[in-house]
Amino acid sequence: MIFIFRIYISFLFLSLIFFAFNKNLAALSKENELVLATTTSVENSGLLNVLLPLFEKETGIRVKVLAVGTGQALRLAGDGNADIVITHSRFAEEKFVMDGHGVKRIPFMRNRFIVVGPKNDPANLKQAKTALDVFKIMADSGVTFISRGDQSGTHQKELELWSAAKVKPKSEHYLETGTGMEATLFMANEKQGYILTDEGTFETIASKISLERLYAGDPILDNIYSVIAVNPNKHKEVNASGAQQFIAFLTHNSFVRNLIETFKHTRDGRPLFYIVPLILKFLPAGFTLYILV
Amino acid sequence: MALQWWPEVSEIVFLSILVSGSATIIASFFAIPLGIFLSLFQFKGRRFLILLLHAVIGVPTVVVGLCLYFLLSRNGPLGWLGWLFTPAGMIVAQTVLIFPIITSFAVTHLLGKTKEIKETAILSGATDLQLLWTIILEARLGIIGAVAGGFARAIGEVGAAMMVGGNIRHFTRVMTTAIALETSKGEFELAISLGAILILISLGVSFLLFSLEHVGEFNDRDKKY
């Protein structure tokens, strides 16, 4: 009886090993696929659904999109499991390049972060002149503030602002969700609290919630998206040429650059994404991009 | 609303069934014989192994997903397979996850029965192969239940599918990861609709599997005469 089992198990394991070694099962031709790790805000804006079919038509490269948080996107790329990243967190991106994982940080489009909150605005953000004022007011007035809490680009920007304003909201008023931007906005809506969000996501779900945009416009709230090719010297398996083609597509193709600014608009008629002027592409990574034309 | 999404929804549903179905078949090929083996033979450490199998079911699927991520990562030991962020990787993840479920379910059902069957069969002079076949027939309900339970768990699994598959549109998006995505986007209605489809499919497959119970009955009828 045991003999039967032994034969069976050996057969199973042998077929599994044969199966695994069969080269046909290993990844398909790498040149035709590009793994892009990006953030949920980029994916949910619908921009990629517009750009990627064009890119495939032009170059024949199919792009596989991993839409995760900024932290995870950079981690996946740092492990060599993605070929290119698009994220919006300057410090994390610069560290990524400095650690040798990325070739070069290339800012290519931007939109803005805004502060939204309940219609009646109990914290009275109207009196604020700058973004740092806004954060000081929110911390001091004890209103509920909802944070992403997940190392996403939005979360990192929020933390930078608290630290720049030299304030911290009290823990009983500070809620960290750990979920995506939309889910966090829904929670903020339930709690009628204040929240920092990117304008694009807010525009997408504004009709479903009662929160309103209460502060915008300070250049420090600019949300800059950069594309970084993963360094092929450090990660041999990446599709380096595909990554470079994609970067050229995003930054040198004027039709694409126009498309980025026109594919979607906010409710008050402004583009959802602005392109970053090409000249800034050539500046060193350390340049403060908060000062923009 | 649903009609314009139908091509994409059907893509997602098809992939779910393909991935979970493959995982269930592969896992069953290992798990069912192991279940029969464990119920037939008493050996030192058998009790511990059965306990271990039961305990392992409780591991969060995300943790299994993370472990597989490290294994399948390009620089990892199995990176050369290139299975990360592919359906193949997801099949591996789900196979690993449901293997203990199918095994422990089968063992639990078979433990009482196989001893009797073995004794009766040996008395009537059955060969090993006949004994095996009799066990499978008599215990088919337990085996079917184990496989159905495995499939249900596989098709409803999110954590590992997300981690190993990446929820890539058109490539590795399955029902569960799509539901998670739509939920995070606030599209609760769409998420629930997908959930309903998922339950229907799970029900359908269970129904199909359990109807196999009646296959053995024709054989029994023949044997009576």
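Heavy-atom basis, side chains included; hydrogens, waters and symmetry copies ignored. Quick note on labels: first sequence line is chain A, next is B, and so on, each numbered from 1.
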Requested in this report: With a 4.5 angstrom heavy-atom cut-off, could you sort out which part of K208(A) is near chain B: side chain, backbone, both or neither?
Outcome: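 Contact with chain B is through the side chain of K208(A) alone.
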
Is [X] atom [atom1] crowded by more than 12 heavy atoms from other residues, nucleotides or ligands, each under 6.0 Å away?
X: F14(B); atom1: CZ; result: no
X: R46(B); atom1: CZ; result: yes
X: F13(A); atom1: CZ; result: no
X: F96(A); atom1: CZ; result: yes
X: K234(A); atom1: NZ; result: yes
X: F48(B); atom1: CZ; result: no

Could you grab the distance from atom [atom1] of [X] to atom [atom2] of [Y], nearest 0.5 Å is fine?
X: E43(A); Y: L181(B); atom1: CD; atom2: CG; result: 7.0 Å
X: K64(A); Y: R169(B); atom1: NZ; atom2: CZ; result: 15.0 Å
X: L66(A); Y: L84(B); atom1: CG; atom2: CG; result: 8.0 Å
X: Y8(A); Y: F29(B); atom1: OH; atom2: CZ; result: 5.0 Å

Under 4.5 Å from any heavy atom of chain A - which part of [X]:
X: L78(B); value: neither
X: F85(B); value: both
X: F30(B); value: both
X: I168(B); value: both

Query raised in the report: Looking only at heavy atoms, which two atoms of K185(B) and I205(A) are closest? And how far apart?
Result: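 Of all heavy-atom pairs spanning K185(B) and I205(A), the closest is O-CG2, 4.3 Å.
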
Query raised in the report: Of the listed residues (G165(B), G166(B), P33(B), G76(B)), which shares the most heavy-atom pairs with chain A below a 4.5 Å separation?
Result: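 Sorted descending by pairs with chain A, the first entry is P33(B).
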
Query raised in the report: Hey, are S73(B) and N81(A) close enough side-chain-wise for a donor-acceptor pair under 3.5 Å?
Result: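 Indeed, the side chains of N81(A) and S73(B) share at least one donor-acceptor pair under 3.5 Å.
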
Requested in this report: For the residue pair E33(A) and F171(B), establish whether any side-chain heavy-atom pair is separated by less than 4.5 Å.
Outcome: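 In short, these two side chains touch, coming nearer than 4.5 Å.
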
Query - Top contributor to chain B interface from T201(A), T179(A), L76(A), V35(A) [non-hydrogen pairs under 4.5 Å] - result: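 Looking at each of T201(A), T179(A), L76(A), V35(A) in turn, L76(A) comes out on top.
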
Query - Check against side chain to side chain contact (heavy atoms under 4.5 Å, CB included), V68(A) and M162(B) - result: CA-CA 10 Å; V68(A) 291; M162(B) 199 61 120; over 6 Å; no

**Report entry** Main-chain N/O of G80(A) paired to N75(B) side chain as donor or acceptor, under 3.5 Å
**Finding:**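 Pair absent, no side-chain N/O of N75(B) close to backbone of G80(A).
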
